[in-house]
Amino acid sequence: MKENASTGKKQSVVNLRELFVFCALLVGIFLTRLYNYPLFHSLSEMFSILIALGLFLIAWNTRENIQNKGLLFLGIAYFFVALIDLVHTLAYKGMGVFPEFTSNLPTQLWIGARYLESISLLIAPIFIERPFKPHLIFLSYSLVVTLIFLSIFLFGIFPTCYVEGSGLTTFKIVSEYVISGILLLSMYLYFQKRAFFPGESLVLIEFSLIFTVFSEITFTQYVGVYGVANMIGHIFKVISFYLIYLAVISTGLRKPMDLLWRALKESEEKYRNLVEGMAEGVVILDSEEKFIYANPRAEEVFGITGGELEGRSLLEFIPPEELLKVEEQTRRRKKGLTDRYELEISGADGKRRIISVSVSPILDGQGNYKGASGVFEDITLKREKEKEVERLAAIVNSASETFLLFDSGGKILAWNKMAEEFFPSLKQDSGAKSYLDLIFKDNRDEAWEKFEEAIKGKGGIRFESQIKTEEGKSIPVLITLFPIPGATEKQVEIAALIVDIRERKKAEELHADFIRSLVHDLSNPLSASLTALEMIQTGKKDGSSLEEYLEILGMNVKRIANLLANFSRALNWPSNGINLEKNPRNLFEILSRLLEAQKPLFSRKGIELRFTSQGENVMVLANENLERAIGNILDNALKFTPEGGKVEVSLHKEGHKALISIADTGTGISSSDLPHIFERFYRGKGANTGTGLGLYTARLAVEELGGEIRAESELGKGSKFTISLPLKEG
């Protein structure tokens, strides 16, 4: 039992819960023998190996603080014992790792490891008070273990320890008794040095040696490597390793921490209430950057409560991008320098925080660095607010909309870069100074009424208005006014967002024009259809036959259907176009069919329609949208080519592309209209028919197929449309 320096309570190194877990594991390992002995052997050996490695890690990582250097020596020794035991495990009968060797190999490795372990236990008391260089001891053991391996695997000079069919050799049995004698002598030496071991720690070491002796004696009794004596010997070995592990924890890890606590106990008692009640975090680190004290505020910031922060490394909470900064600050502290800096940490609760740290080194009487004390403030919220302000400022300054800030009297206080482009006079001393300076004169009364509503705190006020340009012209804008707190509680400032809506107004006008033209275009075929229908129903005739009335009715209904279809596709494209499946299609057949259907219409108007093709097999991937596109162009050719004119359609290949050319001798397109004819809702100047959708949907249909459409025209001489499509491969 020992006293916890921070709580004053007695604390045993042998934790009952841990002991119960160990016993359960031991029973579990034992039960595996009933299933498979190599599995039992592997588990028991690996358990001992893990314990030995844990012992080494604890001793090595506390080497600066551990007072009993003999335990550090043992920790290093057990690392190499574990190394030989690992090879012994792999070499055991049934593992199949070294098939060219007999059961003599694992037995030789066993004896080598036990000699190394027993001699190390015997030598360790010598180093209890005698300092040594851990790296030199590590190097020495590396050399010894290398020689053991060479003598067994390469030179074959290690004495035989087991012979298949007859069992253990005399050398092996005698060695087990020699090793037991060394262990008994070690027990005496540890008892002689008992002043350097806490009572419980010494008992653990002595019992570990007793179980090791039991293990060695048991290993003199078996004949087969799967025998009962072999099994019992391994159980005793596991127990001995566990006991020596507990002994090193007691004096090698927990005791140094207690000593550090006791060194701080007097000052802690005096200032505990003050420090633990501080709004700032307070920590004390040892020379390895591990926490040995943290007040409640520090625990809260690091996301750990209940004293569990103590003993953990500061580096656990440092994000990778901050490690270089921490390492540099550590080097400065070790030089005796005090620093103040900002640091980002990642708490155990998963949250990242920014702290402002003031840290000072802790030096002993000779000026040696022993640790550091630090006081820090969590400035995460402060930095987040600053970043938010900077982010909002950057957003406002880079926004494509115009932002301005006014005081309650309408005076301009601030603006973003876009405002300077919208109102160049803002950059001039003699330029706009107030809200009303920006508003077009005919709209100032209404604009000021809205401004006053915003001052009264009625929330965001949105309205359309007109602002004036440098030339005195007006621009339609959408203005949003909203109040924000000013410098004082009673002061109110008004932020304004001004959006140029010229394009929207233009679109609205275009949309209205489109609706009007659609109504106009529908009225003609609808009127003609109704007239033909009336003639059919009443039986009246004006020289035309019933078939002619039906043809007129069908043609006009088709015109109405095409108008509505174009309108629908234009509004919903590409969802209605891109989903159509593409199949191999013959352009020659498509054009032949379309031209055959259109020929009567061209003949009736007295227009010559010609079709030429390089061949009758021109394959592309297409869908019905392509036929609509070609049909739209033919409709335009029919509409704008006068009587006696020509329309020539040609199909030919050029490289990996198929080219469709539709040329007419119609009215042509002006140079100002030509660049826009494929835009949605575009209708040329002076056009009084059409929706402005036919060529738009034709372009989308061709582009959907990976092709291209272009137009050439000269006013009064006709137009030529060329569709280019990739040929189908194969």
- Is R593 paired with E627 through a side-chain N to carboxylate O contact shorter than 4.0 Å? yes
- Task: Using a strict cut-off of less than 4.0 Å between a Lys/Arg side-chain nitrogen and an Asp/Glu carboxylate oxygen, indicate whether E452 and K450 qualify as a salt bridge.
- Result: no
- Message: Quick one, N625 with E704, criterion side-chain contact (heavy atoms from CB on, under 4.5 Å). Give me CA distance, side-chain angles, the key distance, then yes/no.
- Response: CA-CA 9 Å; N625 284 332; E704 176 190 343; 3.6 Å; yes
- Message: Is the distance between the ring centroids of F588 and F611 under 6.0 Å?
- Response: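 Ring-ring flag for F611/F588: true, centres closer than 6.0 Å.
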- Message: Taking the ring centre of each residue, are F302 and F317 less than 6.0 Å apart?
- Response: yes
Output yes when a side-chain donor or acceptor of [X] lies under 3.5 Å from a complementary backbone atom of [Y], and no otherwise.
X: D664; Y: S719; result: yes
X: R585; Y: L621; result: no
X: S713; Y: I669; result: yes

Could you report the tightest heavy-atom contact between [X] and [Y], atom names first, then the distance?
X: I304; Y: A348; value: CG1-CB, 3.4 Å
X: V301; Y: R353; value: O-NH1, 2.7 Å
X: I461; Y: E453; value: CD1-OE1, 3.9 Å
X: L725; Y: G707; value: CD2-CA, 4.0 Å
X: A454; Y: L481; value: CB-CB, 3.9 Å
X: A629; Y: A701; value: CB-CB, 4.2 Å

- side-chain contact (heavy atoms from CB on, under 4.5 Å) filter on R462, not counting sequence neighbours, yields L478, T480
Output the distance between atom [atom1] ([X]) and atom [atom2] ([Y]), rounded to the nearest 0.5 Å.
X: L651; Y: L587; atom1: CG; atom2: CG; value: 5.5 Å
X: S434; Y: I439; atom1: OG; atom2: CD1; value: 9.5 Å
X: I630; Y: L595; atom1: CD1; atom2: CG; value: 8.5 Å
X: R444; Y: Q466; atom1: CZ; atom2: CD; value: 13.0 Å
X: D673; Y: E679; atom1: CG; atom2: CD; value: 10.5 Å
X: L314; Y: R312; atom1: CG; atom2: CZ; value: 11.5 Å

Note, [X] side chain near [Y] side chain (heavy atom, < 4.5 Å):
X: S661; Y: K720; result: yes
X: I494; Y: F482; result: no
X: S346; Y: I318; result: no
X: I633; Y: I723; result: yes
X: L315; Y: V326; result: yes
X: T641; Y: V647; result: yes
X: L404; Y: I498; result: yes
X: L626; Y: L705; result: yes

- Message: Assess the residue pair L90 and F98 against the criterion (side-chain contact (heavy atoms from CB on, under 4.5 Å)); give the C-alpha distance rounded to whole Å, side-chain angles, the decisive distance to 0.1 Å, and a yes or no.
- Response: CA-CA 8 Å; L90 298 174; F98 301 103; 4.3 Å; yes
- Query: Picking from N636, N632, L700, what satisfies side-chain contact (heavy atoms from CB on, under 4.5 Å) with L695?
  - Reply: N636
What do you reckon, is [atom1] of [X] surrounded by more than 12 foreign heavy atoms closer than 6.0 Å?
X: E328; atom1: CD; result: yes
X: K605; atom1: NZ; result: yes
X: E464; atom1: CD; result: yes
X: E321; atom1: CD; result: yes

- Message: Run the salt bridge (Lys or Arg N to Asp or Glu O under 4.0 Å) test on K325 and E322 for me, step by step, so that the C-alpha distance in whole Å, both residues' side-chain angles and the decisive distance to 0.1 Å come before the verdict.
- Response: CA-CA 5 Å; K325 180 193 293 184; E322 295 283 277; 3.5 Å; yes
- Query: Can you name the residues that form a ring pair (Phe, Tyr, Trp, His ring centres under 6.0 Å) with F721, not counting sequence neighbours?
  - Reply: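 Listed in chain order: nothing, the list is empty.
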- Tell me, with the steps shown, if L413 and F406 meet side-chain contact (heavy atoms from CB on, under 4.5 Å). CA-CA 5 Å; L413 300 176; F406 306 94; 5.7 Å; no
- Show your working on salt bridge (Lys or Arg N to Asp or Glu O under 4.0 Å) between E344 and R352 and close with a plain yes or no. CA-CA 7 Å; E344 185 173 355; R352 286 204 173 195; 3.3 Å; yes
- Take L634 and V649 through the test side-chain contact (heavy atoms from CB on, under 4.5 Å) and record every step on the way to the result. CA-CA 9 Å; L634 287 172; V649 180; 4.1 Å; yes
